[in-house]
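Below is one structure, written out as structure tokens; comments come after it.
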Amino acid sequence: MSFPTLIPGLRGPSEKVAGLVYFGRMVDKVRLAAEGKLPEAWEASRGTAYPNAFDNRCCRFLGIDYAAFEKRVREGGRDEDLLEWAFEHGRRPGDEEIEIWNAFMTKLGWRDVYTERVDIRLGEIGLPAGTVATMFEFIDLDEGRLPLPTA
């Protein structure tokens, strides 16, 4: 695997759309895949192929069907319009639910069942376990948005 994985036009997972983390990244992945600009190796993990994949978690949180979401994104529109579509075709979480979602997602990997996964992913790019603590941090590190920590 090459490191860093630079994909122009792909937002980091912490970037928010109307206060919601990860949604914008999922939108970007659909758009980039439609343009043939998403790495081929990523295709298998897009959408709902894996229960704990972040796309799948986001779709479950919003109560939307990924295939319908992907179709809607390919039709175009602003991120906020796409999120509104998700609310209308799934559910509209309240402010507290969004706060809990954001906290949960941004902390995955920190002293939980994802810790081992973070360390495995770090090893895949040649970095020692513990270099970063969360999956969001790993993604940002792997994609060049987070600098390597210095000793």
Side-chain angles (χ1 to χ4, degrees), residues 1-74 76-80 82-83 85-86 90 93 97-151:
M1 267 185 196
S2 65
F3 168 75
T5 306
L6 302 177
I7 304 172
L10 182 62
R11 277 176 271 201
S14 298
E15 292 184 51
K16 296 177 182 176
V17 174
L20 189 71
V21 299
Y22 193 78
F23 182 82
R25 180 179 177 86
M26 189 167 69
V27 169
D28 290 347
K29 287 168 62 179
V30 170
R31 288 175 176 154
L32 290 166
E35 297 170 4
K37 295 179 181 176
L38 198 64
E40 189 175 319
W42 288 35
E43 283 301 317
S45 65
R46 278 193 326 110
T48 57
Y50 300 103
N52 292 325
F54 291 173
D55 290 359
N56 200 346
R57 285 184 181 274
C58 191
C59 288
R60 286 195 316 264
F61 177 67
L62 294 171
I64 58 173
D65 175 74
Y66 183 82
F69 169 73
E70 186 173 45
K71 181 179 183 290
R72 174 60 187 90
V73 171
R74 288 177 181 226
R78 298 177 323 119
D79 294 340
E80 293 76 14
L82 298 170
L83 184 56
W85 176 92
E97 290 175 289
I98 291 173
E99 180 181 358
I100 292 166
W101 161 261
N102 289 348
F104 171 74
M105 290 300 290
T106 59
K107 291 179 179 91
L108 271 173
W110 182 70
R111 298 181 178 178
D112 63 20
V113 297
Y114 270 82
T115 302
E116 182 179 5
R117 182 73 182 133
V118 172
D119 290 342
I120 289 169
R121 295 299 314 272
L122 285 165
E124 289 172 355
I125 62 172
L127 296 174
T131 301
V132 294
T134 71
M135 283 303 295
F136 274 26
E137 289 174 334
F138 172 79
I139 291 167
D140 282 338
L141 177 69
D142 180 46
E143 295 173 5
R145 285 182 292 279
L146 184 67
L148 274 171
T150 56

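The figures that follow rest on heavy atoms only: side chains count, while hydrogens, waters and symmetry mates do not.
At least one donor-acceptor pair under 3.5 Å links the side chain of T106 to the backbone N or O of N102. A donor-acceptor pair under 3.5 Å links the side-chain atoms of D119 to the main chain of G130, judged by distance alone. Within the 3.5 Å criterion, the main-chain N or O of I64 finds no donor-acceptor partner in the side chain of R60. For the pair E137 (side chain) and T134 (backbone), a donor-acceptor distance under 3.5 Å is present. Panel note: side chain E15, backbone R11; no donor-acceptor pair is recorded below 3.5 Å. Distance alone, capped at 3.5 Å, places no donor-acceptor pair between the N56 side chain and the A49 backbone.
D55 and Y22 form a side-chain donor-acceptor contact under 3.5 Å, judged by distance and modelled atom types alone.
In this structure, the ring of F54 has its center less than 6.0 angstrom from the ring center of F136.
Annotation: the span from L20 atom CG to E97 atom CD amounts to 11.0 Å, rounded to 0.5 Å. Atom-to-atom distance recorded for L62:CG and W85:CH2 is 9.5 Å, nearest 0.5 angstrom. Atom CZ of R78 is separated from atom CG of L83 by 10.5 Å, given to the nearest 0.5 angstrom.
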Quiz item: Where do R46 and L38 land on the side chain to side chain contact (heavy atoms under 4.5 Å, CB included) test, with the steps shown first?
Solution: CA-CA 10 Å; R46 278 193 326 110; L38 198 64; 3.2 Å; yes

